[in-house]
2 protein chains.
Amino acid sequence: MPAPKFTHDGILDATAQEVLQRGTAVTIGDVSRRLGAPSGSIYHRFPSREELLVRLWLRSVQRFHEAYLAVGDGEDPEQALVDMALRVASFTAQHQAEAVSMTLFRQSRLVDTAPEPCQDEVRTVNDTLHARLAELAQARYARVTPRHLTLVRVAAIECPYGLIRPYVWTAIPDWMADAIEASSRAILGLGDTPAT
Amino acid sequence: MPAPKFTHDGILDATAQEVLQRGTAVTIGDVSRRLGAPSGSIYHRFPSREELLVRLWLRSVQRFHEAYLAVGDGEDPEQALVDMALRVASFTAQHQAEAVSMTLFRQSRLVDTAPEPCQDEVRTVNDTLHARLAELAQARYARVTPRHLTLVRVAAIECPYGLIRPYVWTAIPDWMADAIEASSRAILGLGDTPAT
DNA sequence: CAGATACTAGAGACTAGTCTCCAATTAGGT
DNA sequence: ACCTAATTGGAGACTAGTCTCTAGTATCTG
């Protein structure tokens, strides 16, 4: 077996760079040109364009989770959740290509439409993250209802992600950390009073 | 001149419905099928697929602004800003097709890439909204710096939009109003203390 | 060195979609 | 009634892109 010249990861890297520029409209031609490889070499590793893009999305999400879950434990759970929310911004600032690749799809849609070989991975990709958030919810609140779980998810992921999203393609502004911290704490605070 | 059978707005309506299902991948074929018209009739009104989609985006944004700017005046400026933020959610709940159409593009990208005849409109589409937010910033803060203007924009638009975005395709959950109000107030509060 | 296997290479078949073109149609204005 | 101009209708030219196929190449194993 000869040494692979164009690896799985190498192709994904090139795809990520092109996605940075052309967004969802990337073509196999774009990727192969950047890679200096004929299109056949890409199809040797990935059965279809669709699967290539979904794999890139999965890898980006997983890399993000790695950074995200590496937040210090032991301290105040609220602080841990805020630190996680802040990671959304710092990860994006440091890994623009990954961050942009994450905007390629939404999980909820992919669950139905992803190519069969990716389906399992797509379905379970958020599981450990949600488990970790459930732990922190336990630590933060006296009693944990489904509403509390939702609030934690919104405060630690959805809201910061929504805030940085428009800046993924450019640069994260300096007020971002303040805005994330303030909004996350405010949303977590909603769990201390009963639902309206 | 015979009465038009397929009007500008009628074609945009059909396009919006298709966008709801197929997203950015809508084809002229999809639209013409829904409309019961041959593709030629669409090209009679819109020079290209690109311009059709940009016009839909513009119309959706403008309709949103109409609802958004109709928030009551006179009261507490902070309350007015929070009410505006809440409109983001209620507009989305009531006008899903428009809301999804707004996700088709980001203004910052369109400014460069929109077809020439749309460029002016794309560039200025947010102007009156930003003017209104500047007014409210004046009323809310003692001294208004660029940072204050940004915070107001984030609190009243960007953050609520980021929060609702993942739910545009499904339904707005019931905790959304609480989350929007809490986060908006928290972000506005940042303007009362000097920057970190 | 021979054979086996993974990989590269690239031409082009095939497809889906955009857009053009022009003949036919319809509704005023005179 | 006739002329004019906007509009419809739809066939198909054209294009960009995905994907297939096969021949060739490199590396490892015995």
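Scope of the values below: all heavy atoms of this structure, side chains included, with no hydrogens, waters or symmetry mates. In what follows, chains are A, B, ... by sequence order, proteins preceding strands, each numbered from 1.
- Side-chain atoms of Q107(A) come within 3.5 Å of backbone atoms of V122(A) as a donor-acceptor pair (strictly under, hydrogens ignored).
- Side-chain contact between R34(B) and D13(B) is absent, with no heavy-atom pair separated by less than 4.5 Å.
- What you find for V152(B) and L81(B) is that their closest heavy atoms are CG1-CD2, 3.7 Å.
- Closest approach to the S39(A) side chain among dC19(D), dC19(C), dT18(C) is made by dC19(D) (side chain taken as heavy atoms from C-beta onward).
- Proximity of R45(A) to the phosphate of dA6(C): no side-chain N or O atom is located under 4.0 Å from OP1 or OP2.
- Taking atom CZ on F6(A) and atom P on dA26(D), their separation rounds to 13 Å, with Å as the unit.
- Taking the ring centre of W169(A) as origin, the terminal cationic atom of R109(B) falls outside the region bounded by 6.0 Å and 45° from the ring axis.
- Rounded to whole Å, the distance from CZ on R33(A) to P on dA16(D) is 12 Å.
- Ionic pairing of R33(B) and E18(B) is not present here: no N-O contact between side-chain nitrogen and carboxylate oxygen is shorter than 4.0 angstrom.
- Spacing between atom OH of Y43(A) and atom P of dG17(D) amounts to 12 Å, rounded to whole angstrom units.
- Axis deviation across the helix from dC1(C)-dG30(D) to dT30(C)-dA1(D) amounts to 10°, comparing end segments of five pairs, rounded to 10 degrees.
- Closest approach to the S41(A) side chain among dA9(C), dC19(C), dG9(D) is made by dA9(C) (side chain taken as heavy atoms from C-beta onward).
- To the nearest angstrom, C1' of dT18(C) lies 9 Å from CZ of R49(B).
- Atom CD in E51(B) sits roughly 11 Å away from atom P in dC19(C) (whole-Å rounding).
- Distance, I28(A) CD1 to dT8(C) C1': 16 Å, rounded to whole Å.
- Distances from the side chain of P38(A) to the nucleotides dA9(C), dC7(C), dT18(C) place dA9(C) closest.
- Look at CD1 on I42(B): it is 14 Å from C1' on dT7(D), rounded to the nearest Å.
- Residue S48(B) is classed as a sugar-phosphate contact, given heavy-atom separations below 4.0 Å to backbone atoms only.
- One atom, CZ of F46(B), and another, P of dT20(C), lie 15 Å apart when rounded to the nearest Å.
- For T7(B) and G29(A), each mapped to the nucleotide of DNA chain D holding its nearest heavy atom, the one lying further toward the 5' end belongs to T7(B).
- Here the straight-line distance linking atom CG of L53(B) with atom OG1 of T24(B) works out to 8.0 Å at 0.5 Å rounding.
- Looking at Q79(B) and R185(B), their side chains do bring a donor and an acceptor atom within 3.5 Å of each other.
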